[in-house]
Amino acid sequence: MDPLEAVVAQIQGLSSTASDIARLSIILKQNDDSLRTESTRLPPLLSQLDPSIHSLGFLYILEASTASYVSKQQAETVVPIINKFIAACNAEQIRWAPDKFISVCKRLKDQVMLLDAPIRGVAPLLTALRKLQVSKEHLTPLHAEFLLLCLLAKCYKTGLSILDDDIFEVDQPRDLFLYCYYGGMICIGMKRFQNALDLLHNVVSAPMSTINAVAVEAYKKYVLVSLIRHGQFSTSLPKYSSSVAQRNLKNFCQPYIELANSYSTGKIAELEAYVKTNAEKFDSDNNLGLVKQVVSSMYKRNIQRLTQTYLTLSLQDIADRVQLNSPKEAEMHVLQMIEDGEIHATINQKDGMVRFLEDPEQYKTCEMIEHIDSSIQRIMGLSRKLTAMDEQISCDQLYLSKAGRERQRYDFDDFDVPTKFNI
């Protein structure tokens with residue numbers, strides 16, 4: 001019998017029970033090199049297998065058959081096959097070969113990008129990462145690939161569907177960096193700036209032994225989003241950030257630090273002049289649109305300052321104080337801020353007067369109570385999770401052995417402490 005036909009027969013005969021799958025996994029690993037050698041003969045064999053029943057075997061043959069270069073014309077044929085497999089495959093079976101499943105999914109991403117149709121990979125990759133996950137707390141290598149396709153296809157809402165998950169398990173640090181970076185960009189696209197800030201903060205404060213390009217790009221956006229969201233930026237990172245990040249990140253992002261310094265003066269003309277001078281640099285970083293939002297946010301910030309001083313102001317006064325071109329432009333800014341909940345005010349169209357109001361929220365509605373309760377429940381769940389993780393680490397042999405070695409360096413029981421340290 002032809003060796004490839006023999007492999008197909010074994011796949012068909014060993015795909016029913018868990019013990020059969022375990023045995024098949026060993027056989028397929030042994031035949032992996034020969035499958036790659038015969039990669040050009042593999043595509044027709046897929047028609048003899050059912051991806052929902054023979055998922056593990058189908059995966060091995062599909063991965064080997066797509067390992068070589070795929071042209072744009074070939075991609076039109078391969079993409080539907082991979083999509084069909086992802087939709088039909090059995091999650092338990094593909095977890096016997098996660099690396100191969102990840103490889104196939106990444107090739108799907110590459111091929112839909114080759115076809116200039118990233119949207120064709122969005123739904124399949126979401127299905128794939130859910131099948132690969134053992135729980136929603138698990139960050140897979142497919143998370144970042146999925147978010148990248150969402151960005152390219154401008155499917156921001158779809159990307160948000162995985163950003164609400166609480167992640168506690170990470171296989172590779174690079175996956176976390178890219179997940180938070182792309183996730184931050186998706187939140188920026190949806191104007192969820194606080195969520196974006198949290199994700200970008202995770203990138204710049206994550207442990208790192210050397211500066212990486214993802215952290216640098218995240219830091220640039222972190223500066224801009226901080227200005228948009230809070231109207232200020234501090235160059236000091238949290239103490240738990242790596243020393244490498246604290247020492248070096250801002251050195252790679254000087255134009256952004258200087259932008260923040262210009263913003264802090266509150267002088268819109270100076271800020272606009274600085275942006276105009278450095279527009280080419282911001283544009284080359286693909287951040288010019290975000291920088292323009294920073295400039296726009298200064299108008300809003302200055303209007304917010306007026307609410308702290310005045311009860312009523314004319315639209316002309318607001319335009320003059322905030323350096324807008326006309327009362328009409330001031331009205332547009334005020335209306336947008338009212339709609340976004342950034343200020344509370346009413347506009348008298350007859351005399352062009354703006355009346356600033358107190359926050360009407362009394363924090364006693366059923367909706368607010370439910371919101372507070374859900375936040376408390378989430379925090380309690382997080383506390384329980386951290387306690388369990390702490391207990392798990394405290395019992396880990398590698399941690400205990402390292403902690404024991406470290407403790408010996410600071411064990412002063414053999415010394416006369418008062419004499420030694422002149423206490």
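Here, residue 1 is the first one in the sequence, and each next residue gets the next number. All heavy atoms count here, side chains included; hydrogens, waters and symmetry mates do not. All figures in this text were calculated on a predicted structure; none of them were measured in a lab.
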[X], [atom1] atom: more than 12 neighbouring heavy atoms under 6.0 Å:
| X | atom1 | value |
| --- | --- | --- |
| H371 | NE2 | no |
| Q254 | CD | yes |
| I119 | CD1 | no |
| M332 | CE | no |

Legend entry - Working for ring pair (Phe, Tyr, Trp, His ring centres under 6.0 Å), residues Y219 and F252: CA-CA 9 Å; Y219 191 78; F252 289 93; over 10 Å; no

Inset, instruction - Before giving the answer on side chain to side chain contact (heavy atoms under 4.5 Å, CB included), spell out for H138 and D171 the whole-Å C-alpha distance, their side-chain angles and the decisive distance to 0.1 Å. - result: CA-CA 8 Å; H138 176 216; D171 294 334; 3.0 Å; yes

Salt-bridge present ([X], [Y]; N to O < 4.0 Å):
| X | Y | answer |
| --- | --- | --- |
| D166 | R378 | yes |
| D340 | K191 | no |
| R130 | D165 | yes |
| D285 | K281 | yes |

Inset, instruction - Give the intermediate values and the outcome of side chain to side chain contact (heavy atoms under 4.5 Å, CB included) for residues E258 and N278. - result: CA-CA 10 Å; E258 292 169 11; N278 294 272; 5.6 Å; no

Legend entry - Nearest-0.5 Å distance that lies between atom CE in M353 and atom CG in L313: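 If I round to the nearest 0.5 Å, the distance is 6.5 Å.
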
Inset, instruction - Over 60° means perpendicular and under 30° means parallel, so classify the ring planes of F282 and Y256, tilted if in between. - result: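 Rings of Y256 and F282: perpendicular, over 60°.
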
Inset, instruction - If the plane angle is over 60° it's perpendicular, under 30° parallel, otherwise tilted; pick one for H201 and Y222. - result: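 It falls in the tilted class, 30° to 60°.
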
Legend entry - Where Y274 and P255 come nearest, the two heavy atoms and their spacing: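 So the minimum-distance heavy-atom pair works out to OH-O, 2.9 Å.
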
Legend entry - Heavy-atom closest pair, residues S205 and S241: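 Heavy-atom minimum between the residues: CB-OG, 3.4 Å.
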
Inset, instruction - Would you check, one step at a time, whether the test side chain to side chain contact (heavy atoms under 4.5 Å, CB included) holds for K100 with D32? - result: CA-CA 11 Å; K100 289 194 176 294; D32 194 30; 3.2 Å; yes

